[in-house]
Each structure stands twice: as C-alpha cells, then as structure tokens.
Amino acid sequence: MNIIKVVKEEFANYIAGKLNVDPALVLSNIEYPSKENLGDLAIPISSIRKDRAQEISKELEGYRGKYIKITKAQGIFLNAFIDEKQLFVDLFSSLNDSYGLEKTPKPLRYLVEHTSANPIHELHVGHLRNAILGDTIARLLKARGHQVITRFYVNDAGRQVATLIYGLEKLGFPEPPHGVKVDHWLGNIYAITNVLIEIRSLQEEAEKTKEDPQKYREIISKLDELVIISNELRTKSEKEFDILTDKIRDSKEAESRILEIIRLYENNDKRLSEIIRRYVNLALEGFKESLKKLDIEYDGFDYESDLLWNGYVSEVVKLILNSPYRENYKGTIAINISDNIDEGVKEKLRIPKGLDVPPLVVIRADSTTLYTTRDIAYTIYKFRNFNVDYVINVIAEEQTIPQIQLRAALYLLGFKEYGINLIHYSYAMVNVQGIRMSSRLGRLISLDEIFERVKSVAISKIKEKGGVLENVDEIVNSALRYAILSASASKQISFDINRIVDLNQNSGPYLQYTYARAYNILAKSTDKLDVNEANTDDMIDEKRKLLILIAKFPEVFEYTSDNLSPETLITYLKSLADAFNRWYDKERILQEPDKGKRIARLFIVKGVERVLYNSLNVLGIKPITRM
RNA sequence: GGACCCGUAGCUCAGCCAGGAUAGAGCGCCGGCCUCCUAAGCCGGUGGUCGGGGGUUCGAAUCCCCCCGGGUCCGCCA
C-alpha cells in the first residue's frame with residue numbers, strides 16, 4: 001500500500017473542494033517542505049491561484065481529516081501536518097514482507113542487454129559500470145512486476161576476436177595455463193599480438209619514409225612508445241611474448257590472415273569455428289567468474305556468429321537490398337536516413353531535432369557486412385525470439401549515433417515498433433585517475449583487480465573492528481555498487497579507488513551496517529508486534545521522521561523503477577539510514593521499560609529493516625546481519 | 001563546422017525533466033562521545049557569486065537564449 005499517496009489525496013481533495021478546482025491539478029503540485037518544522041506536506045497556493053495566494057492560504061488553515069491533523073498557512077504556502085498516530089496504525093497494520101515494492105498496474109516484457117564485452121580480454125572498470133547499471137535496472141523492473149530477460153551479446157565475429165585467434169594460432173593454440181585467470185591470459189595474448197602487428201607495420205612504414213625526416217621521426221617516436229608498452233607486456237607473459245615476436249614478422253601477412261579468419265568464421269568453417277568457440281567460451285567463463293562476485297548473472301548469451309550462421313543476417317541484407325531507402329554511398333550500400341524521416345518520426349524515435357543523421361553503411365564495397373548490420377539482425381532477433389515489448393541496450397554514450405541509426409534503420413525497414421521500443425540506456429565514461437586505459441595495448445584496470453583491492457581494505461577494516469570475515473565479498477560488492485549507482489548514469493565519474501575503499505557514511509557498507517543494527521534489535525526482541533499494543537504517544541522527533549520516511553518508500557521505489565534512476569533510491573536510503581542512526585544513538589529500544597512505547601519503537605525498527613532489506617535486494621546489495 | 005552529455009562547498013556527488021520557503025549530503029579540516037540494542041556510528045564547528053551573462057516569472061540551481069570550460073560522437077572499426 002502506498003499510504004503517502006492516500007494522505008496526499010486527502011490533502012488535495014480538501015483544497016480542490018474549497019477552491020473548486022481539479023484535484024489532480026492540486027495533487028501534482030503537492031511537495032515536501034524544505035524544512036521539517038514547516039510541516040509534512042506543502043502546496044504553493046500560487047501554483048493554483050495566481051491572485052490572492054496568501055489570503056487564500058490563510059483561509060485554508062485549520063483543516064483536520066483522517067491523516068492530516070492540521071493545516072497552516074505560511075506566506076503563499078499551505079502546509080499540512082500528518083497525524084502520526086493514524087499514519088502509524090494504518091502503515092504498520094498493513095506492513096508485509098514485500099512492503100514498498102509496488103507492482104506496476106501495467107506489467108510489460110523487457111529484454112535488458114548489458115555488459116556485452118568483447119571476449120578478448122578481462123573486464124575492466126568501464127564494464128563494471130555497464131554491468132552494475134544493467135543488472136540494477138533489470139532488478140528494478142523485475143521488482144516492479146515486469147517480466148525481464150537479461151542477455152549478453154558476444155561480439156565474436158569481428159576483427160578483435162580474429163586478431164586474438166591469429167595470435168593463438170601462432171602459439172599453436174595452447175591450453176590455458178594453471179594459476180592465471182583465463183580471461184587475463186587471453187587479454188595478454190591479444191594485447192601482445194596487437195602491439196606486435198602495430199610495431200611491424202610502423203617498422204615497414206619507417207623503411208619507406210626514410211627520405212622524409214619529419215615523418216620518419218614521428219613514426220620512430222610512436223615506435224618508442226610501443227616498445228615501452230611491449231616491455232610491460234613481456235613481463236606478464238614472457239614465453240608467449242617471445243614466441244610471437246619471433247613469428248609475427250610481417251604486418252601484411254598478419255592482416256591477410258586476420259581477414260581470412262574472419263571470413264572462415266563467418267562461413268562457419270568447421271575446424272576454425274570449433275577452435276574460436278572454445279577460446280571465446282573460455283573468456284566468457286572468466287567474465288562469469290568476475291561478475292559472479294558482483295552477483296550478476298545472465299539469462300543467456302547470444303553469439304554474433306550465430307546470427308550469421310542461422311541466416312538472420314542474410315535475411316536483413318535481403319531486406320536492405322529491396323528497401324526503397326537504400327542508396328549507393330561511396331561505393332557501399334547504405335540506408336539513407338535523413339531524407340526519409342520527418343520531424344514526427346524523429347520525435348518518435350527520440351532523435352534530436354537538429355541532428356542530421358548520417359547514412360548508415362550496411363554493406364561494404366567488398367560486399368561484407370558491418371557490425372551495425374548484424375546489430376539490426378540481433379535487435380529483430382531480440383524482439384521476435386523473446387517476444388518482448390521493450391529492448392533496453394545498456395551501452396556507453398559514445399554509441400549514441402549508432403544506436404540512433406539502428407532505431408531509424410529498423411523503422412525504415414518496416415520494423416516501426418521495434419525502432420520505437422528500442423531504448424538506449426546510456427552512461428558516461430569512467431575515468432581512472434592518473435591512468436589512461438587501453439584494452440588494445442593491454443593497459444587497463446581490471447574488474448578483478450579493483451575487487452581484490454577493495455577486498456583487502458575491507459578485510460583489514462573488519463579485523464580492526466573485530467568483525468566477522470564471512471560477509472566480506474558482500475561488503476565489497478555493496479561498496480562497488482553504491483559507488484557506481486549513487487551518481488547519475490549521464491555523469492562522467494572519476495573512479496577513485498581510495499574513495500571506494502573508504503567505507504564511510506556515504507557507502508554501501510554503511511547501509512548494510514544500518515540494516516544489521518535494525519535486524520539485530522528485532523532478533524533480540526521477545527515482544528510480539530501487535531499494532532494495538534503500541535503506544536504512539538511519543539511518536540516525535542526522529543521516530544516521527546522515520547515513520548514518514550518509511551511511508552514515503554513506495555513512492556520512491558515507484559519513481560526509481562519507472563525512471564530507471566537508482567540514484568534516487570540511494571539518496572533516499574542514505575537519509576533513512578542517517579535518521580535511523582541518529583535515533584539509535586539517542587534512545588534505547590529494547591531497554592525501554594514501557595511496553596507500549598517499546599512496541600511502537602520496534603515497529604519503527606521493523607519498518608526501517610523492511611525498507612532496507614527490500615531496497616538493498618533491488619540494488620543487488622546483500623542485506624547482511626553481521627559485520 | 002554540427003549534435004549530445006556534464007559544470008552545484010577544497011574534493012566526490014544529490015537536487016534540475018514536472019520552477020516555490022534560509023541550496024543538501026559524504027569526504028576533508030577543527031573539537032567532543034564506547035561500564036548502555038554493532039563507534040563502518042553519534043554530537044558540535046568549518047565551508048557555496050549553483051560556470052558567466054541576459055530573458056520569462058510574484059518567484060529560477062531548476063525553463064528559454066547567448067557565451068565560457070570539460071567530455072563524447074560525426075569511420076567501408078567494433
């Protein structure tokens with residue numbers, strides 16, 4: 001039950017009746033006062049009546065109803081004070097285990113695709129943000145009563161995997177060594193292969209430009225940089241590095257073999273496909289292991305290569321070739337978007353008015369397809385195969401234009417609904433202080449490394465406090481999730497490990513700690529919680545504040561999940577935990593001698609415990625009872 | 001050149017979409033609190049021309065316009 005909504009409605013109906021206006025208009029203007037002593041609900045009367053706002057506000061003073069004990073005027077505002085006794089009784093007599101997780105009146109089917117890292121190297125901090133956001137919005141939608149499917153798209157048909165396979169081929173397709181995580185091992189081989197090919201290509205170029213001293217110098221300085229990087233890489237995998245240095249001698253040879261690998265794999269060459277799948281799956285196993293620590297799992301993995309093999313892509317190609325919107329563009333086949341969608345369609349597809357959408361090249365001059373072509377096929381597959389209403393792609397903001405082109409292409413190819421119902425959940429970059437990350441060069445901060453660093457700090461903190469070590473992974477998980485989720489997705493965040501490691505009052509562990517406090521009070525209590533036995537006479541100060549905060553939770557949850565804005569829930573939980581901890585320090589609960597008062601206090605604890613339990617779960621954070 | 005995101009306290013961020021009361025938190029810094037339900041806590045202090053300028057409004061951090069700064073994109077890469 002969303003009780004605060006009922007209270008607001010009472011307030012709105014009173015005002016609407018008095019002023020003879022639409023109650024819905026009044027309701028939409030109700031807000032919470034900026035200062036507690038002003039009241040619990042407020043409405044600026046001037047938002048309804050421009051003239052005489054102050055006088056009218058004065059005239060509306062003195063109302064008393066079921067949930068509102070008094071209304072008071074304050075300038076143009078009319079403030080309402082909630083009857084805490086009535087609120088207490090009605091809130092806690094209906095409080096159940098799933099309190100606050102209001103089900104949507106309109107359940108829909110969603111597919112959330114997230115993370116989708118290339119299976120060529122370990123996950124890094126950018127993937128961390130993607131995975132946490134994706135997992136959380138899936139949890140939010142599920143908790144809201146929608147059907148949700150999560151997928152991970154495996155980009156195995158592109159150049160990057162082929163480069164990795166090229167390197168592995170030169171190494172004789174080795175078995176992964178013991179003692180090193182397989183995705184890290186593959187990441188090294190990929191980086192070495194890449195860097196060596198680049199070095200060879202630069203060396204060849206240098207030979208040719210010897211007569212042009214300026215160009216020559218430029219190339220040499222680039223080469224120097226790569227040599228430094230390659231030395232770093234050698235320290236990580238000496239044996240592989242030396243073999244590859246010996247075997248990769250010619251960039252042309254590498255280039256043509258990589259293209260051949262791509263072609264063979266696209267055509268499902270039996271021998272090569274088996275090999276590639278085996279290594280790709282090894283990388284995925286590494287991903288799963290990393291993400292398992294964050295309690296992130298997928299309903300399934302979709303391979304780009306499958307879309308090529310099972311004809312989905314060629315079907316799309318056929319559609320494009322027959323489309324009236326196709327055009328020849330610099331020797332390629334493209335979809336002309338800007339000439340074929342008007343303002344109305346742009347709005348439907350959420351394309352900025354002033355943006356001139358570039359043509360989408362779908363077939364290269366050499367008649368091979370591009371990533372986006374396969375993405376069109378994949379999107380159709382997602383909608384059709386899983387029979388969903390909406391597809392949410394959690395993808396970095398750099399991909400905004402390709403995502404727009406994708407929606408427009410679907411629309412123009414006759415999949416209007418798919419184009420409209422494809423949502424790009426965009427997030428900004430993660431900067432890591434002092435380090436420029438490059439997966440191509442093997443320079444990145446891995447998710448595993450971050451996890452372990454936070455973990456070692458958490459362990460020393462637990463030891464210092466004399467706490468229990470059993471929940472340390474859950475504590476690390478909450479620290480990471482909180483750090484990512486407390487900032488809006490659209491904001492660039494600078495990832496500072498030292499701040500995440502500081503498990504202070506603005507952190508996931510703080511919320512877990514508060515939960516543990518509340519839980520243990522309830523666990524130690526022997527009282528039977530009966531609303532009729534609660535004495536609400538001292539429902540004042542922090543207790544009253546907590547009561548109202550608990551009552552607001554359903555509204556906060558609805559907003560958070562309908563707007564997919566986890567930061568709203570985080571901000572609310574922080575203020576709930578703050579209020580609880582202030583109260584906890586000031587007043588005893590279990591030691592309160594008056595049974596009625598004690599029971600009333602226990603109800604407040606119960607409310608806080610439930611709200612924290614349910615919201616932490618929705619955020620993917622484990623509510624733990626001991627720290 | 002164009003499009004999008006961001007700019008709020010020394011640092012990291014809420015608040016902006018749906019305008020409303022003296023702009024909030026955490027960290028940092030200074031000073032206190034454990035014979036008492038978990039001190040990852042509590043109490044007090046410190047700190048802001050809400051990037052700048054104009055406009056709309058009774059009222060602007062919030063809406064509109066211009067400008068400045070940071071980031072991203074505008075590939076026959078993925």
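All chains are named by letter (A, B, ...) in the order of the sequence lines, taking the proteins before the strands, and each is independently numbered beginning at 1.
- Contacts of A/Ser34 with the nucleic acid, taken as non-hydrogen atoms under 4.0 Å apart, include base atoms.
- Across all strands shown, A/Ala42 has heavy atoms under 4.0 Å from base atoms, whether or not it also approaches the sugar-phosphate.
- Contact annotation: A/Ser490 reaches the phosphate of B/C6 (side-chain N/O to OP1 or OP2, under 4.0 Å).
- Place A/Glu31 and A/Pro359 on RNA chain B by their nearest nucleotides, and A/Glu31 ends up nearer the 5' end.
- For B/A61 and B/U22, the C1' atoms lie 15 Å apart once the distance is rounded to whole Å.
- A/Glu260 has no carboxylate O lying under 4.0 Å from a charged side-chain N of A/Arg263, or vice versa, which leaves the two without a salt bridge.
- Taking only side-chain atoms of A/Glu397, from C-beta outward, the nucleotide of B/G71, B/C27, B/C58 with the closest atom is B/G71.
- Spacing of P atoms, B/G48 relative to B/U57, comes out at 33 Å, to the nearest Å.
- Straight-line distance between the C1' atoms of B/G20 and B/G28: roughly 33 Å, to the nearest whole Å.
- Using a cut-off of 4.0 Å between Lys/Arg side-chain N and Asp/Glu carboxylate O, A/Asp541 and A/Lys545 are scored as not salt-bridged.
- Straight-line distance between the P atoms of B/G7 and B/C50: roughly 14 Å, to the nearest whole Å.
- Here, B/U62 and B/C73 have their P atoms 29 Å apart, quoted to the whole Å.
- Taking only side-chain atoms of A/Met429, from C-beta outward, the nucleotide of B/A14, B/G20, B/U72 with the closest atom is B/U72.
- Taking the C1' atoms as reference points, B/A60 lies 6 Å from B/G19, given to the whole Å.
- Of the candidates B/A78, B/A21, B/U38, the closest approach to any side-chain atom of A/Lys524 belongs to B/U38.
- At a threshold of 4.0 angstrom between heavy atoms, the contacts of A/Arg588 include nucleobase atoms, whether or not backbone atoms are also involved.
- For the pair A/Arg601 CZ and B/C36 P, the computed distance is 19 Å after rounding to whole Å.
- Closest to the side chain of A/Asn506, out of B/C76, B/C37, B/G26, is B/G26.
- For the OP1/OP2 pair of B/C58 and a distance below 4.0 Å, the side-chain nitrogens and oxygens of A/Arg49 include no atom meeting the criterion.
- A/Leu503 comes within 4.0 angstrom of a nucleotide base, judged by non-hydrogen atoms across all strands.
- Side chain of A/Asn155, nearest nucleotide from B/C27, B/A78, B/C36: B/A78.
- Counting non-hydrogen atoms under 4.0 angstrom, A/Ala487 reaches the backbone sugars and phosphates but no base.
- Put simply, NZ on A/Lys461 is 18 Å from P on B/U38, counting in whole angstrom units.
- Contact check, A/Lys50 against B/G59: no side-chain N or O comes under 4.0 Å of OP1 or OP2.
- Which of B/G24, B/C76, B/A78 sits closest to the side chain of A/Arg374 comes down to B/A78.
- A donor-acceptor contact under 3.5 Å is not formed by the side chain of A/Gln512 with the base of B/A40.
- At B/C43, none of the side-chain N or O atoms of A/Tyr584 fall inside 4.0 Å of OP1 or OP2 (strictly under the cut-off).
- Closest to the side chain of A/Gln492, from the set B/U38, B/G70, B/C42, is B/G70.
- In this pair, A/Trp583 and A/Phe580 present their aromatic rings perpendicular. The plane angle is above 60°, beyond the 30 to 60° band.
- The base of B/A21 sits within donor-acceptor range of the side chain of A/Asn79, with an N or O pair under 3.5 Å.
- As judged by a 4.0 angstrom heavy-atom cut-off over every strand, A/Leu355 is placed among residues touching the sugar-phosphate backbone only.
- Comparing A/Leu370 and A/Asp585 by the nucleotide of RNA chain B whose heavy atom lies nearest to each, the residue mapping closer to the 5' end is A/Asp585.
- Base pairing of B/G24 is made with B/C13, judged by Watson-Crick or G-U wobble geometry with both donor-acceptor distances under 3.5 Å.
- Taking 4.0 Å as the cut-off between side-chain N and carboxylate O, A/Lys597 and A/Glu592 do not count as a salt-bridged pair.
- At a threshold of 4.0 angstrom between heavy atoms, the contacts of A/Gly354 are confined to the sugar-phosphate backbone, with no base atom among them.
- Which of B/G20, B/C42, B/C37 sits closest to the side chain of A/Gln505 comes down to B/C42.
- A salt bridge does not link A/Glu567 with A/Lys574: every distance from a Lys NZ or Arg NE/NH1/NH2 to an Asp or Glu carboxylate oxygen is 4.0 Å or more.
- Look at A/Arg364 and you'll find a side-chain N or O under 4.0 angstrom from OP1 or OP2 of B/C77.
- Donor-acceptor pairing under 3.5 Å, judged by distance alone, is present between the side chain of A/Ser46 and the base of B/G20.
- Under 4.0 Å is where a charged nitrogen must lie from a carboxylate oxygen, and between A/Lys622 and A/Asp473 no such pair does.
- B/U38 is unpaired under the criterion used here, namely a Watson-Crick or G-U wobble arrangement in which both key atom distances are under 3.5 Å.
- Residue contacts shown for A/Ser488 are limited to sugar-phosphate atoms, with no base heavy atom under 4.0 Å away.
- The side chain of A/Asn581 lies closest to B/C42 when the candidates are B/C4, B/C42, B/C36.
- Exactly one residue among A/Phe152, A/Tyr153, A/Tyr371 makes a ring pair (Phe, Tyr, Trp, His ring centres under 6.0 Å) with A/Tyr378. That residue is A/Tyr153.
- Taking atom P on both B/C65 and B/A25, the two are 33 Å apart, rounded to the nearest angstrom.
- B/C37 sits 36 Å from B/C11 when the C1' atoms are compared, rounded to a whole Å.
- Distance from the side chain of A/Glu567 is smallest to B/A14 among B/A21, B/A14, B/A39.
- Near RNA chain B, defined here as any heavy-atom distance below 4.0 Å, the residues from residues 470-484 of chain A are A/Ile475, listed numerically.
- A donor-acceptor distance shorter than 3.5 angstrom exists from the side chain of A/Arg374 to the backbone of A/Thr369, with no hydrogens or angles considered.
- Residue A/Thr332 is classed as a base contact, given a heavy-atom separation below 4.0 Å to a base.
- Looking at A/Tyr510 and A/Asn581, their side chains do bring a donor and an acceptor atom within 3.5 Å of each other.
- At a cut-off of 3.5 angstrom, counting only N and O atoms as typed in the model, there is no donor on one side facing an acceptor on the other between the side-chain of A/Arg159 and the base of B/C77.
- A side-chain N or O of A/Asp156 and one of A/Tyr265 form a donor-acceptor pair less than 3.5 Å apart.
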